[in-house]
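Please read these numbers as outputs of a predicted model, since none were measured by experiment. Residue numbers begin at 1 in each chain, while the letters A, B, ... track the order of the sequences.
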2 protein chains.
Amino acid sequence: MRPDAWGVCVVKASITRRRLHPTARREEIMAAAVAYFAEVGFGGSTRELAQRAGVTQALLYKYFGSKAELREAVFKRVYLGRIAPHWLAELRDRSVPLRVRLCRFYGEYTAAIFTYEWMRIFMWAGLDGDALNRRYLDHLCDLLLVPVQEEAIAESRGQWRPAIEDVWNLHGGIVYLGIRRFIYRLPVPTDVGPVIEAAIERFLSPMAVGDGVSA
Amino acid sequence: MRPDAWGVCVVKASITRRRLHPTARREEIMAAAVAYFAEVGFGGSTRELAQRAGVTQALLYKYFGSKAELREAVFKRVYLGRIAPHWLAELRDRSVPLRVRLCRFYGEYTAAIFTYEWMRIFMWAGLDGDALNRRYLDHLCDLLLVPVQEEAIAESRGQWRPAIEDVWNLHGGIVYLGIRRFIYRLPVPTDVGPVIEAAIERFLSPMAVGDGVSA
DNA sequence: GTTTTTGTTGATCGAATGATCAACAGCCCC
DNA sequence: GGGGCTGTTGATCATTCGATCAACAAAAAC
């Protein structure tokens, strides 16, 4: 392991020993931890993590009191600030057709969460029964899915009243693209835009029925 | 642990020591393994598994050569025979409206896979990068999703040609119900039937456009 | 250049893990 | 009811795990 550090000089193995500012070192460890735990889950060993971070295993405990603490830090890093504040405002902007609003929102949302790290850590955490996971989805529902539901009712002038489960179905169908790609490692279209737009079109299809008659 | 075995008589702890037929014992271990690994993943210890199965840890190795072998047996148990052969025939039966066929199929399909064990073991295996996982989904796509696509084209007399990604979107939206319930442990409707029917209705909505004109 | 500070390491501990083996004991057969 | 087959157990081994600590050395302060 780390064959590059064992090139010519075999005597002094600690060539690369560098002293970093605690903030920078902590950042390096965090980055390695996110990548490592995303790959193998939180059952991964602190030793291999340390090796990937280019430090000793003992050093991890100078920055994180325990493995659980490191795990929590990884969660916070992955979850925090993942929901952009302007998404709600965009979803509520009734000067724009709902179809366009939804396409924009899910374009940005999938751009934010369709990453190897986010998708997998979220799933590992879900299986582990972590509370942060549930809290994130509850928050997502209250903050974004319910507004989608309300905007659909508003745009159809009350003629179409989708259940929240219909919005979850739209959401799930889209998120499942990321699950197929990053969890199951199946091939999915590189550009998910058209697929998402088609899904949104179908989601809004009940609106066209009442709309055509009333106009 | 096993407090019931330590009731009055403390001297002889092996009261419950029973000799079972190898087939029966193997079955007991398998059942315990499916339940245990579904809960905690394959990182769970053989000792706790043995405890739940009511046997010693050493006995596991009389029935399975290694933990990996036991794991494979659990996979096979969970995957094998999960896709009912008559589903394809039902999906192909053009004497029944496609909407009805899809509702019946996904009613039976979700009844088959929306279990704690199947959902979670499938997800653990997916994150672990197991090949069986990918093979199952490839098989599912070829055997059932492509037929759904073809039947949609046929029923619309070629007027609507959904992409396979549209079928995946339908599928994902439905499966996501099980993910929310068994992976994220979120509340979902006890009767998912109406939700699924609504999703199928939206999936088929493009058909209504061309259909009304041509008739 | 010397001293001080502190980021970093190698060694190590106790607990838990997968796996093995001789010894035990329940069940079948005569 | 007494052997004998074999399902089952307790003890044990070698690793690996998370976590700790004194000792080292690179950067900062003077």
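Side chain of A/E197 to backbone of A/C103: no donor-acceptor contact under 3.5 angstrom is found.
Under the rule for a salt bridge (Lys or Arg N to Asp or Glu O under 4.0 Å), the partners of A/E48 that lie at least two apart in sequence or sit in another chain are A/R52. Residues satisfying the salt bridge (Lys or Arg N to Asp or Glu O under 4.0 Å) test with A/E27, not counting sequence neighbours, are A/R77. Shown here are the salt bridge (Lys or Arg N to Asp or Glu O under 4.0 Å) partners of B/R161, two or more places apart in sequence or in another chain: there are none.
Applying the salt bridge (Lys or Arg N to Asp or Glu O under 4.0 Å) rule to pairs touching residues 104-129 of chain A yields A/R71-A/D128, sequence neighbours excluded. Residue pairs meeting the ring pair (Phe, Tyr, Trp, His ring centres under 6.0 Å) criterion with at least one member in residues 46-73 of chain A, sequence neighbours excluded, do not occur. Contacts classified as salt bridge (Lys or Arg N to Asp or Glu O under 4.0 Å) and involving residues 80-94 of chain A (residues at least two apart or in different chains) are given here: A/R92-A/E150, A/R92-A/E151, A/R94-A/E151. Listed by first then second residue, pairs satisfying salt bridge (Lys or Arg N to Asp or Glu O under 4.0 Å) with a partner in residues 165-176 of chain A read A/E165-B/R180, A/D166-B/R202, not counting sequence neighbours. The stretch residues 169-206 of chain B participates, sequence neighbours left out, in these ring pair (Phe, Tyr, Trp, His ring centres under 6.0 Å) pairs: A/F122-B/Y184, B/Y106-B/H171, B/Y109-B/H171, B/W160-B/F203, B/W168-B/H171.
Atom CG in B/L60 sits roughly 10 Å away from atom P in D/dT9 (whole-Å rounding). The CZ atom of B/R18 sits 15 Å away from the C1' atom of D/dT9 (whole-angstrom rounding). Here the P atom of nucleotide D/dT9 and the CD atom of B/Q51 are 13 Å apart, to the nearest Å. Atoms CZ (A/R26) and C1' (C/dT8) sit 17 Å apart, rounded to a whole Å. At whole-Å resolution of the value, CG in A/L59 and P in C/dT8 are 5 Å apart.
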So which protein N/O to nucleotides 2-6 of chain D N/O distances come out below 3.5 Å?
residue	atom	partner	partner atom	Å
D/dT6	O2	B/R19	NH1	2.6
D/dT6	O2	B/R19	NH2	3.2

Pairs under 3.5 Å (N/O, protein and nucleotides 28-30 of chain C):
none

Produce the list of close N/O pairs, under 3.5 Å, pairing protein atoms with atoms of nucleotides 16-22 of chain C; give distances to one decimal.
residue	atom	partner	partner atom	Å
C/dG18	OP1	B/K67	NZ	2.7
C/dG18	OP2	B/T46	N	2.8
C/dG18	OP2	B/T46	OG1	2.7
C/dG18	N7	B/R47	NH1	2.9
C/dG18	O6	B/R47	NH2	3.0
C/dA19	OP2	B/Y61	OH	2.7
C/dA19	OP2	B/K67	N	2.8
C/dA19	N7	B/Q57	NE2	3.0
C/dA19	N6	B/R47	NH2	3.3
C/dA19	N6	B/Q57	OE1	2.9

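Distance from the side chain of A/L20 is smallest to C/dT8 among D/dT8, C/dT8, C/dT9.
Nucleic acid contact for B/Y63: sugar-phosphate only, since backbone atoms but no base atoms lie under 4.0 Å from a heavy atom of the residue.
Only at 4.0 angstrom or more do the heavy atoms of residues 29-38 of chain A sit from any atom of DNA chain C, so none qualifies.
Between B/R25 and D/dT8, a side-chain N or O to OP1/OP2 separation shorter than 4.0 Å is present.
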